[in-house]
Amino acid sequence: MAGLELLSDQGYRLDGRKATELRKVQARMGVFAQADGSAYLEQGNTKALAVVYGPHEMRGSRSRARHDRAVINCQYSMATFSTAERKRRPHGDRKSTEMSLHLKQTFEAAVMTQLYPRSQIDIYVKILQSDGGNYSVCVNAATLAVIDAGIPMRDYVCACTVGFVDETPLADLCYAEESGGVSSLALALLPRGGQIALLQMDARLHQDHLEALIEAAMTACKGVSKVLDQVVRQHLQEASVNSAE
Amino acid sequence: MIKTEKILHLKSSRGRKVRVVREHYLRERVPCCSCLCQAACDNDGKVLPGDLTHYVVPDVGVVVDYLEILEFRELQGVVFTQTACQAVQHSKGRRQYNRLRNLLKDPRHDCVLFANEFQEYSYCPREKGESQEQWQTRCVYSAAVWYHNHLAGMMDIVMITEDRDAIAQYGSLNAGVYVISVQALQEKESEASQKEYSEHLPAEVLEAGIKSGRYIKGTLNISKHRPQNEASIMTDGLSNKSTDLSRGVLVDGGKNRNRAVHGDVVVVELLPKSEWRGKVTALTEGQGEEKGGEENESQPMPTGRVVGILQRNWRDYVVTFPPRDGTQSQSRNSQRILAVPWDRRIPKIRISTQQADALQDHRVVVRIDSWESTSLYPNGHSVRVLGPAGELETEVQTILIENGIHVAPFSDAQLREMPVNSPEKPWTIDPAQAAERRDLRESHLVFSIDPRGCEDVDDTLSVRSLPGGKLLELGVHIADVTHFVTEGSLTDLEARLRATTYYLADRRYDMLPAVLSADLCSLLGGVDRYAMSVMWELDAHTLAVNKVWYGRTIIRSSYQLHYELAQALLNGEEAEVPELSELGPEEKDAKLAELTQALEMLTHVARQLRAQRDRGGALELEGVEVRAQLDEQRNITALVPRQPLEVHETVAECMIYANHWVARKIQETFPHQALLRRHPPPRQEFFSQLVDSAKARGFAIDTRTNKALADSLDQAMDPQDPLVNRLLRMMATAAMSQALYFSTGLESQDQFYHYGLALDRYTHFTSPIRRYADIVVHRLLTAAIDLEREAGLGKTLANNKELEEMAQHINNKNMAAQRAQKSSTALFQCLYFKERDPQTDPSCVADAVIYSIRNNGILVFVPEYGVKGPVYMKNRDGQVVAAGPDGSCEWQSGSVRQHSDHISTTSSCGTSTFRLFDHITVRIAVHSAPFHGDSLNLEVVSNKPHRSPEPQQTPSQGRSQLVQEVVRLAEEASQQAQEKKAAQRPKLSKEEREFRQSKTPNLYSLLEEVRELALMDMDTAAQVCATTA
């Protein structure tokens, strides 16, 4: 069998979604009490746990402290059991370092760091189960965690991957699609303003298709933001009910 | 949407089992693509009509195995399930899956795809312990149920499956959803099986069947005239005891032939007697189109069907890619082309290629890979492109490949083995060899007689009286090729592979490199050469053999004569001998007298030898026949003698004598491993055409012995028409068996007999330059001489089995060479007429003689061009030839009646009759067949003999008509070739040189060549080949 058919003639993807449909997103905020903020997010079969500490004083070398804003420290890791085959994943490998850096950039763009000069915000994200779109799931989970920590942000940061198959952009790729040789693009968006926090693409793509792809990615991100918004509102409701009691 | 999870167990790239979890989203709204839909599915694209009796939901197995049936456009309302499609993709691969996809896209096919696995209610997750097949069947069934419910019961759903359990399980679960097995469906619709052919039986069954006599084993031989339908099996002599099988077994039609290809060794089962059929004897036009009519058939003969193939004899085939047109539109996607083989007996071959467009109308060499029982045609792949059809080079290559002849230029390694002879570094005699060989340079007057301009002289003669006057010494000296070509060397292997020099109409492919064939092995005048000699001491009066000496010699040919010169000397005419032109008159006269005396002595000896052979019961048949043929074959471009010269026969007689004595020698020395040549007596039944035809003219032919045959042929002379005798002789030759090389260990001694030459032992010894058999004989003779000198055998000789294999190989190659020569002649004939307009050009109208009568036409021979072919009395529209009062013929509606010696047509203008041996006028046109070679088409113009417009075309100088005709033919061919070549490269000298090459005057080779020209019934010929091969 040479190559999976990623998009059938009837417009179905491998898992039964249509091209623009997202995977099912489920999330909970405030899963840990010790941390300042935490969130758990599932997007399809990709599951991530995000924990936020801070803002707090600079730890370690003080020299990194900025006098006008907070420093965001991100750490990304994958659980050994996150993939089909168990695999030891040491800290600091290239992939996770890169991912950490991307997350840091994304959140430096979204968090209002200038409110906390000379302080530090730590964001730890762990992938518990990996099934494609790890970056976007991490961003979405971290957003909820930051909100849970009560750190002000300009907007939700919503991320989504899109792929390009048969002249059609596919939203929110799963692992089978990602590994099926699709040129994919990851985009983190501040949906309300339509500002792009991060855009990353490794594969080759014809220039003509880029616009359509970004358009599809932004639509997908807006879809994610609606879900996240709902989660936050529900969490607030529950929290207020709890505190009222 | 509902999210579920699917758990799959996949194999990782490293082969480990991996548990993979995939999401699987289900939805309620999946389009059903039916117009009966009540739920307003958004059906875009194809929609199933609502006015059908039922929809069909095929099960996975059905879709996978019977996709071809589902492709029928007659089938309407087919719902393919996603489950089935995926199964096709998994088990059958991309190609099959794409076919299915195209099917679904094609608006003409009434079928849709239902994504059942994404439908919330039709999806069923695989249960623990459930096999994949069971699960798939369940999925398909639940899809069928969903359809029924979705369409609110307005449409019955039929699920077809191969799984019997499924029928039992689901059959009565739901009203309106029926589960049927494929077999039931087949019975219901009485549909033919999807297989084109029945399967072959396993080898053990065949073997047992052959042993018990239930099946018959033989080689399949497809009729050239009716390749679509008619084929026969030639059985091995041993296996059939019953006499009615001796004529072979007929295999009628493609179904009974069951994928066997011409030449395969097959096993047949006889059909019941009621189904036996006869061969069709009517002439068919063009490409084997069906001529209906049982009345045309001859006696029913055993008929069978092929049940198995023991051995495929597939070779490389030349095919032509058809031009692209609408008829092959469906194959455009898959790029699979049905290519038409050059040989009509080979079925069309299906070829997958990306270059179909580029190869249109090209001739391509292909190989057959397989022939599945499900396929109407075999699959093949292309090997090499020869070039566009119709070009001379392509056609010549086609002829070579079709006859299995491979003549690459000699390789460097082979040429490196050759001795050098250049002006700077002349070749000289090795002193060691000189010591070993008998030196005849001084003692003997050696000369050669060959056609004018010949450059490969492989035989020379000498004759002298021995002191005392009572004894003569006759010597035949043959080029010593084996000295240069050592056994097992690369040149030897190549020569063995080629087995003979190939002569085509416009070119020649040598067996040995030119440095040998034209120089060092050629016994040219005035130079020292190695030779292999046979010398007889004969009694001067009785010519009884006193002593025979065989051995290696060194000779220097004093005179390189040509036939005309030799004859002139014999006749005492003034002739200029080039070797003597520079001498003084006295010396010249003395030398001339010496030479003339030698020639006279030689002629005397040859006459005596001939008479001896005649007394021994020699066959007169080939004497006359060959005398005429001799000139024709020898002198292709040189001047043609007015009559056959006696000197030809003299030389030929000496060669036959040498061959005979060498055969005796090697057979006596090596009784079990000598290579001889035999000519089995012909089968009497083959003479029937000859006897019948002769009877029509009132001649009686006695065919009981070779001598009786020759005598009666001599008497069958029509004083008005010399052609009658010639035609009768040709028929006689056609009835002959093929002469063959064989190893003496294989046959008993009474089988050695040579029917044509009336000799008890015969071999080929005198032309080692152009025949490999002669090289083998030379080696045998050398070994025999060594043995005599008690030098012991240098190396072991080939044993009987190896020799027999080699003999077979040489026989096959000789036949291939003959066929190639014949085809190339036909090719050039076609080229000649192609450039002429048959309606206007007078050369396209010629005189023809009727030599055979068939149901709907006659076979004629055109002496002017040496063309034979059918003339139809009845055309495709059912019109017949009607002759007007002035003899001119036109097509009229009417009827044809065949009698034993004439055929008559009846039409409104009256009755016209065509008798055997009548002269009629025919028009020759080229029948162009793009896939096969072109052929000539003859059409009757008048039933009166043709009056040639140019009287000089039939000069009354006593030239034999045959000579004239063939020379004309050859000239035309050479002209043609020169024109062709000149157009390509202006180099004519090559042709000239090639045409001047010679073949040794050897009567027997000639008799075989006559066979080619002979009026052979192809079926008979095929039988001859098969039985004698």
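Here is how names work: the chains are called A, B, and so on, in the same order as the sequence lines, proteins then strands, and each is numbered from 1.
- Annotation: A:Gln230, atom CD; neighbour count of heavy atoms from other residues, nucleotides and ligands within 6.0 Å does not exceed 12.
- Between B:Arg27 atom CZ and A:Tyr12 atom OH the span is 5.5 Å, to the nearest 0.5 Å.
- The minimum heavy-atom distance between B:Leu113 and A:Gln10, with the atom names listed, is CD2-OE1, 3.1 Å.
- The structure places CG of A:Asp131 at 5.5 Å from CD of B:Glu23, a figure rounded to the nearest 0.5 Å.
- In the model, A:Glu5 has a side-chain atom that pairs as donor or acceptor with a side-chain atom of B:Tyr97 under 3.5 Å.
- In this structure, B:Tyr25 contributes its side chain and A:Arg23 its backbone to no donor-acceptor pair below 3.5 Å.
- Only the side chain of B:Lys105 comes within less than 4.5 Å of a heavy atom of chain A; its backbone N, CA, C and O stay farther away.
- For A:Tyr175, the OH atom sits in a loose shell: 12 or fewer heavy atoms of surrounding residues, nucleotides or ligands are nearer than 6.0 Å.
- Atom CG of A:Asn45 is separated from atom NE2 of B:His24 by 13.0 Å, given to the nearest 0.5 angstrom.
- A donor-acceptor pair is defined here as one N or O able to donate and one able to accept, closer than 3.5 Å; no such pair exists between the side chain of B:Arg22 and the backbone of A:Ala176.
- Within a 6.0 Å radius of CZ in B:Arg126, other residues, nucleotides and ligands contribute more than 12 heavy atoms.
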